[in-house]
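Each chain gets a letter, A, B and so on, in the order its sequence line appears, and its residues count up from 1. Side chains are part of it too, since the values below use all heavy atoms of this structure and drop only hydrogens, waters and symmetry mates.
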Amino acid sequence: MEPISKNLDLLKLEERILEFWENEDIYSMIKTKENPDKIWRFIDGPPYTTGSIHLGTAWNKILKDYLIRYKRMQGFKVTDTPGYDTHGLPIEVQMEKELNIKNKQEILEYGVDKFITNCKEFAQRNLKIMNDQFKRLGSYFWNWENPYITFKNSYIEGIWWTLKRAWENDLLYQFYRPLNCCPRCATALAKHEHEYLNVKDTSIFVKFESAEDEKTFFIIWTTTPWTLVANSAIMVNPIAEYAKVYIKDLDEYWILSKNSITFFISGQLGYKYKIDRDYIGEDLEGMKYIHPLLDEVPYQKELAKKSEKMHSILLSEEYVSAGEGVGLVHTAPGHGPEDFDVGVKNGLPIFNPVKIDGLYNEKAGKFKNQFVFDANKEIIEILKEKGTLIDTDIVEHEYAHCWRCKSKLVYRATKQWFFKTESISEELLGQNEKIYWVPEWAGMKWFKSWLSSIKDWCISRQRFWGIPLSVWICNDKKCGDITVIGSAKELKKIAGECPEDLHRPWIDKITWKCEKCKKGTKTRIPDILDVWLDSGSVVWAAQEVYDGESHYDTWIPADFILEGKDQIRGWFNSLLCSAMVSSKRKNYDACYMHGWVMREGEKMSKSLGNFIEPEDLINGTLKDLQKKKSYSKIKGIETFRFYCIGATQPGRDLNFSAKEYADTYRVINTIWNLFVYANEKCRLANFNPSKHKYDIKKMDKTDKWLLSRLNTTIKKITNLSDTYILPSITETLRDFIVNDLSRWYVVLIRDKIEVYSDDSEKYPVLSLLYDVLFKVLLLLSPINPMLTEEIYHKMFKLNMKSMNLNETLSIHLQDWPKVEEKLIDEDIENQMIFIQELIEEARALKDEYRIRLRWPNKKIVIVTEEKVPEEEFQIIFKKTVNVKELEITKSFKSNEDYVKTDSKYGIIYLDKTVDEDILTERIISDLIRNIQFSRKINKFQAGENISLKIGANAPYLIKFIENSKDYISDKVSANEVIINNSNIKNDKIKIYEELKLCGNKDCSASLKDNILKKLDKESNIKCPHCNSELKINNIRTISFTYNKN
RNA sequence: GGGGAUGUAGAUCAGGGGGUUAAAGAUCAACGUUCUGAUAAAGCGUAGGCCGUGAGUUCGAAUCUCACCAUCCCUACCA
């Protein structure tokens, strides 16, 4: 057994262990050990390879790492393949920044092939960096050499398989409809890519002139003036009340909802008015108006010819509420899903004059090539000039933005490809019921609610760096036949060729003669796929990485996945949807959802400057930690590992606080100290685990209690791990190690295992402690893999045979400890709790009467109705409270010798009287304590002998010392004790100390420096223990001296 | 607008399918003190809470119901 360093330097320790794992290739030993028949199928949700990881990513990987390690120790073969999301806007946007490219057009000018190559390199570069960062977290035994990467051909083929299956299942279709598009990225976006941000917009009230009645206007309100260009109709609610109102100030008639008359006309505008006539909404149907921008947008005249209903009032009960606004809703079917709905129902042309980059096209007339949001102002100006603008308002509302570049999105009708997820909503909900969610509400509330309002999933994007849609369409207009390709092999078969790299632009070159009409050419549609489909299909797309074969149809659902709450609409959603559209079954059985890492209650973000990177913790460079000196030691990642696993309930945000993080370090330090202590005791005793054994039959109750607690703890942690209740694991383990082991068991066995102890139990107890500590180390190893590896090497590795276990090079080749049910004894645990409570109360009572714990008392009487604890627990009580006699009874008659306290278990009486024996023990224990302390200050080793000389200035003290001579020499390792009849002089050659005692003989308490200092300055100082007045000339002294070493 | 989570000591959080008990827990911080050859460790004690606010159900509510307020999140057609 090697010594363990008293100083815990986690930074160096971690680096050493990581190097050891690397050099010895522990990972391949783990893989060799795994049982191929018992698989725990875990799927890593892939992070984007956009840069370095932050604390939230670290948290995520550490939680996963805990379970990977745990399941391995339980004998599972674990799918430990990490993944990286490499496609999509996140990377394109970053790449554009790097290349100083401002928009899509510039990419085309730069060259798509070069751009794609750049993106791939960028992804690979970041992947390597992130790989190293994850490994540094201690999440080391993963298949980092061979992660699944979404840009690989084999992966792309997996996604094509999804498309083909969805096509065959009739769940893939193309459709023209309004969708939110990002004008900067020039692509359509799906619902899960919208980010709602609060913005202030100018809203306008506009009057549309009636085409039929003179001086009559329809009043509408909108926050998006730019959509007026494409206005096609006005909607009203058929059953709401409307009115035609005469506006005296303007000498004209307005039609609007009755509700809005008062607040709007007289309230907001201050006009005098008179109601001319009432309408019910349906009365208004078919009334015609003149489009307010007819001169500027001449195409509107063309449109008017296409449908009778253009520029007229339509009815919609669903989308118009008369309680809001003015009750008439401006409708542009090309710019809103509801407008679209109503437009289609009424046979209106779907007019979208906006290009994908947000600029108007030529059909917008005067506004051609203007950016829609810039046009707002001009439109308002024009309306003002025409006198049709009634009023403007600033409204603050939430508006959808691009998740990557934060541009305001533009609703515009466009032709896109969709998965029919809305139609399978019921099935999705049904599958969700069968998923085991932690926390339960993540699935049964959040995800359920998401799935119930699910819309068809728009999967096509008008971009470059992504998986190309494997859809080829015949360019013959009459034919238009569609082929969906499911693999590279299939493509080669049908087209005769297949590019080496399946990305754009190479894939775009693949065409073939239409096999249906024999005239046209099949050409690929230019779109790429929504990046969320990439990761959504991982279960089969990464099949090759998982087990070396591509067999998409036979995929097996993941046993477990774990991600943050943003994945409800992200990965959790895309996984389930892509499995359902392709295979009509679910692809994960259990799902753990965690929150986000917050900092002092705020979301961490680069813009707020409260962003923490794992390196800040590892190197101890976090400012909050440098502020306090005692925090400056906290380095490395092990503290964070322990902290983040237990810091918060499942599903809740982790509010990172430097203080709590530092508190966790104290726990780690206590655990370390515990092992240092045990290690030292074992070594001093020449403890040999294969020779010295404990025998369960001969054990006392304290030891049985420890084994019971250990097994209770193993059982609990095993249960928590199996049911994925992660946060309670560290709490349970901490409680056992710190409270039961360090603060209680070690205190009880201290005397037995001291170096000078010749207790017959010494070696059995050491053996038990050793055994329990090893199991603890195993329980801790998935949480703190590096710390435990170090201790394993120093203390346990060479002795594994003695515990009937194989000696392994790493602790991570050991198995999870088994619960020994028969050792769990509830009665013993309860009795111990009971006696601990009593001990606390009794100690508090001594404390109240200023009786030091090392001073014995004659007797304690406990009056209680509770069951009397067994003899052994009473012995523990007597020992730890330091009392000679304990009586537990149902009734007791007290006298003036006793003081008492009421406790929740009964009344505790303490005999506070002092006789000669008690007094001797008091004085001698104070003396011994002082000698011990002095030895320590002067750096004497434990067990190192001294030659001691003691003197005192009172005969009774001399007598007591004489009587206890042997006892003293034992305790302080003195091979010689000389007792002097008077005080010894300080000769400065030897170490000299003295104790000042209270002059009250029955007290004789040794006085602390602060009391003595006070006594020097002022009179009327009372002894804190006996309350008698202290006088300088009455103070008694014991002095001692011993050789320096 | 709709939905959800959270609200318990100075801080961070447990608990809570109503009630053995007059008394609501933990950890950290504060204060006091003890113990100690694990020693830049550890223990004990004290103080600190109308369990967000207000109603309701009940013999009895921190716990169940409703409303409201606050924080955060999700969702959405604010036209």
Report the residues that fulfil ring-ring contact (aromatic ring centres under 6.0 Å, His included) with A/Tyr770, sequence neighbours left out, ordered by chain and then residue number.
A/Phe687, A/Phe796
Using the test salt bridge (Lys or Arg N to Asp or Glu O under 4.0 Å), find all partners of A/Lys207 that sit at least two apart in sequence or belong to another chain.
A/Glu252
In whole Å, what is the span from the CH2 atom of A/Trp441 to the C1' atom of B/G4?
8 Å
Distance in angstrom units between A/Asn739 CG and B/U27 P, rounded
7 Å
Residues passing the side-chain hydrogen bond (donor to acceptor under 3.5 Å, both in side chains) test with A/Tyr745, sequence neighbours excluded, are A/Asp703
List for me each residue that meets salt bridge (Lys or Arg N to Asp or Glu O under 4.0 Å) alongside A/Asp456, sequence neighbours excluded, and say none if there are none.
none
Does the separation of the ring centres of A/Trp221 and A/His330 fall below 6.0 angstrom?
no
On the nucleotide B/A5, are OP1 or OP2 found under 4.0 Å from the side-chain N or O atoms that A/Lys445 carries?
yes
Ring centres under 6.0 Å, that's the criterion: do A/Phe642 and A/Tyr665 meet it?
no
I want to confirm an ordering. Mapping A/Thr222 and A/Trp446 to their closest nucleotides on RNA chain B, which one lands closer to the 5' end?
A/Trp446
Which dot-bracket notation, 5' to 3', represents the base pairing of RNA chain B when pairs are defined as Watson-Crick or G-U with both distances under 3.5 Å, crossing pairs as [ ], and inter-strand pairs as |?
(((((((..((((.....[.....)))).(((((.......))))).....(((((..]....))))))))))))....
Among B/U75, B/U27, B/A79, which nucleotide sits nearest the side chain of A/Val329?
B/A79
How close or far is atom P of B/A79 from atom CG of A/Leu314, stated in whole angstroms?
18 Å
Taking only residues two or more places apart in sequence, or in another chain, which ones meet A/Glu440 in a salt bridge (Lys or Arg N to Asp or Glu O under 4.0 Å)?
none
OG of A/Ser742 to CZ of A/Arg734, rounded to nearest 0.5 Å, is 11.0 Å
Distance below 4.0 Å between A/Arg569 side-chain N/O and B/C74 OP1 or OP2:
no
Provide the distance between the two C1' atoms, one in B/A42 and one in B/U20, to the nearest whole Å.
35 Å
Determine which pairs satisfy salt bridge (Lys or Arg N to Asp or Glu O under 4.0 Å) with at least one residue from residues 669-683 of chain A, sequence neighbours left out, and list them in order.
A/Lys6-A/Glu680, A/Lys681-A/Glu754
Tabulate atom names and distances for all N/O pairs under 3.5 angstrom spanning the protein and nucleotides 31-34 of chain B.
unit_1 : atom_1 : unit_2   : atom_2 : d
B/U33  : O2'    : A/Asp847 : OD1    : 3.0

What is the distance, to the nearest angstrom, from the CG atom on A/Asp751 to the P atom on B/A38?
11 Å
What class does the angle between the rings of A/Tyr643 and A/Phe640 fall in, given that below 30° is parallel, 30 to 60° is tilted and above 60° is perpendicular?
tilted
Closer to the 5' end of RNA chain B via nearest nucleotide, is it A/Ile568 or A/Thr224?
A/Ile568
Annotated protein contacts, base or backbone, on nucleotides 8-15 of chain B with a non-hydrogen cut-off under 4.0 Å, one of B, S, - each:
----S-S-
With A/Phe572, which residues qualify under ring-ring contact (aromatic ring centres under 6.0 Å, His included), at least two apart?
A/Trp437
Starting from P on B/U27, measure out to CG on A/Asp735 and report it in whole angstrom.
9 Å
A/Met593 CE to B/A5 P, in whole Å, measures 11 Å
Do A/His194 and A/Trp403 have their ring centres less than 6.0 Å from each other?
no
Between CG of A/Asn573 and C1' of B/C74 the distance, given in whole Å, is 13 Å
So what does A/Ser449 hit on the nucleic acid, given a heavy-atom distance under 4.0 Å: a base, only sugar-phosphate, or nothing?
nothing
How about A/Trp571 and A/Trp532: are their ring centres within less than 6.0 Å of each other?
no
Is the ring centre of A/Phe208 less than 6.0 Å from the ring centre of A/Tyr289?
yes
Is A/Lys681 touching bases, backbone alone, or none of the nucleic acid, heavy atoms closer than 4.0 Å?
sugar-phosphate
Heavy atoms only, 4.0 Å cut-off, all strands: where does A/Trp672 land among base, sugar-phosphate and nothing?
nothing
Could you list, one pair per line, each protein nitrogen or oxygen that sits under 3.5 Å from a nitrogen or oxygen of nucleotides 40-42 of chain B, together with the distance?
unit_1 : atom_1 : unit_2   : atom_2 : d
B/A41  : O2'    : A/Asn673 : ND2    : 3.3
B/A42  : OP1    : A/Thr670 : OG1    : 3.4
B/A42  : OP2    : A/Arg666 : NH2    : 3.3
B/A42  : O3'    : A/Arg743 : NE     : 2.9

Mind checking what makes salt bridge (Lys or Arg N to Asp or Glu O under 4.0 Å) contact with A/Lys716, not counting sequence neighbours?
none
